[in-house]
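Just below is one structure, and these are the notes that go with it.
A quick note: this is a predicted structure, and the numbers were derived from the prediction, not measured.
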Amino acid sequence: MNWSGRLDPHLRRHEAVEAAFLDQFRRTGNFKYVLSAPIEKEDRTHFCIVYGTRSGHGLEAYRGVEYSALKSHEIVRAIAKKDRTERRTGQGVLLGPDVMLGSRILETQVADEREKAIAWLEQKILGGYVGNFKELWSVLLEKHVLRVADVKDLCVDLAMRKQIADTWSTQRKRKLQDSHIIRSPS
């Protein structure tokens, strides 16, 4: 079959090619979860690393490793920037790269992904979504660059704002467990 005929005409070409590849990768490997991590170069995606797993544990582990790698990469970039500045100006920089950059880029990325996940969940809740926490975090981790801890925090915040039911505090739990039910507050 002509591969270009499988591209979604509603997506930009690079997104359609990636979507077609991910679909084929999922089917060929019989993966339950498929993730694509874009590797950015300046103002565009240079390439994507694709990961497939048949297990929620694999999904959770991947996002944890991805977060650690992004944090390390951010520090390496900050050190390189500091070194370039010192070479260019001939003066030492007073603040270290951890103070200059910290984890602001990664924090911003996680905050953006969190907002997208909240918007998605709010739509699902309005549509009558009911499911356990493991089902929810599995979907959100596959769609967004988040960790399970981020999804727990997101759910706690939504419960405090009365957008989802707090089904875990009644069991004297501060954070969700995989079996806790996510549903509308009413």
Please tabulate, one pair per line, all N/O donor-acceptor pairs under 3.5 Å involving side-chain atoms of residues 29-38, not counting sequence neighbours.
residue	atom	partner	partner atom	Å
Y33	OH	S138	OG	3.3
S36	OG	E18	OE2	2.3

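- Evaluation of the side chain to side chain donor-acceptor pair (under 3.5 Å) test over residues 118-136, restricted to residues two or more places apart or in two chains, returns E122-Q163.
- Under the side-chain contact (heavy atoms from CB on, under 4.5 Å) criterion, K162 pairs with no residue at all, not counting sequence neighbours.
- F25 and L59 are members of different hydrophobic clusters when ILVMFWY side chains are connected at heavy-atom separations under 4.5 Å.
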Sequence neighbours excluded and cut-off under 3.5 Å, please list the side-chain donor-acceptor pairs for residues 151-158, or say none.
residue	atom	partner	partner atom	Å
K152	NZ	L176	O	3.3
D153	OD1	K175	NZ	2.2
D157	OD2	R114	NH2	2.1

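- Tracing side-chain contacts under 4.5 Å through hydrophobic residues (I, L, V, M, F, W, Y), one never reaches V145 starting from V50; they form parts of separate clusters.
- No donor-acceptor distance shorter than 3.5 angstrom exists from the side chain of E113 to the backbone of L146, with no hydrogens or angles considered.
- Taking A165 as the reference, T167, R183 meet the side-chain contact (heavy atoms from CB on, under 4.5 Å) condition, with sequence neighbours excluded.
- In the hydrophobic clustering of ILVMFWY residues, with side-chain heavy atoms under 4.5 Å counting as a link, L22 and L140 come out apart.
- Cluster annotation: M160 and I118 are assigned to the same hydrophobic cluster (Ile/Leu/Val/Met/Phe/Trp/Tyr, side-chain heavy-atom contacts under 4.5 Å, transitive).
- Annotation: side chain of I125 is in contact with side chain of I182 (closest heavy-atom distance under 4.5 Å).
- Under the 4.5 Å side-chain criterion, counting only non-hydrogen atoms from C-beta, L7 is in contact with V17.
- Atom CZ of R54 is surrounded by more than 12 heavy atoms from other residues, nucleotides or ligands within 6.0 Å.
- Within the 4.5 Å cutoff, no side-chain heavy atoms of L141 are placed close to those of Y62.
- Looking at D150 and R147, a side-chain N of the basic residue comes within less than 4.0 Å of a carboxylate O on the acidic one, giving a salt bridge.
- Taking every heavy atom of both residues into account, G58 and Y51 meet most closely at O-OH, 3.2 Å.
- What you find for A19 and L11 is that their closest heavy atoms are CB-CD1, 4.1 Å.
- For the salt bridge (Lys or Arg N to Asp or Glu O under 4.0 Å) test, no residue two or more places apart in sequence or in another chain qualifies with E60.
- For the atom pair CD of Q177 and CZ of F133, the computed distance is 9.0 Å after rounding to the nearest 0.5 Å.
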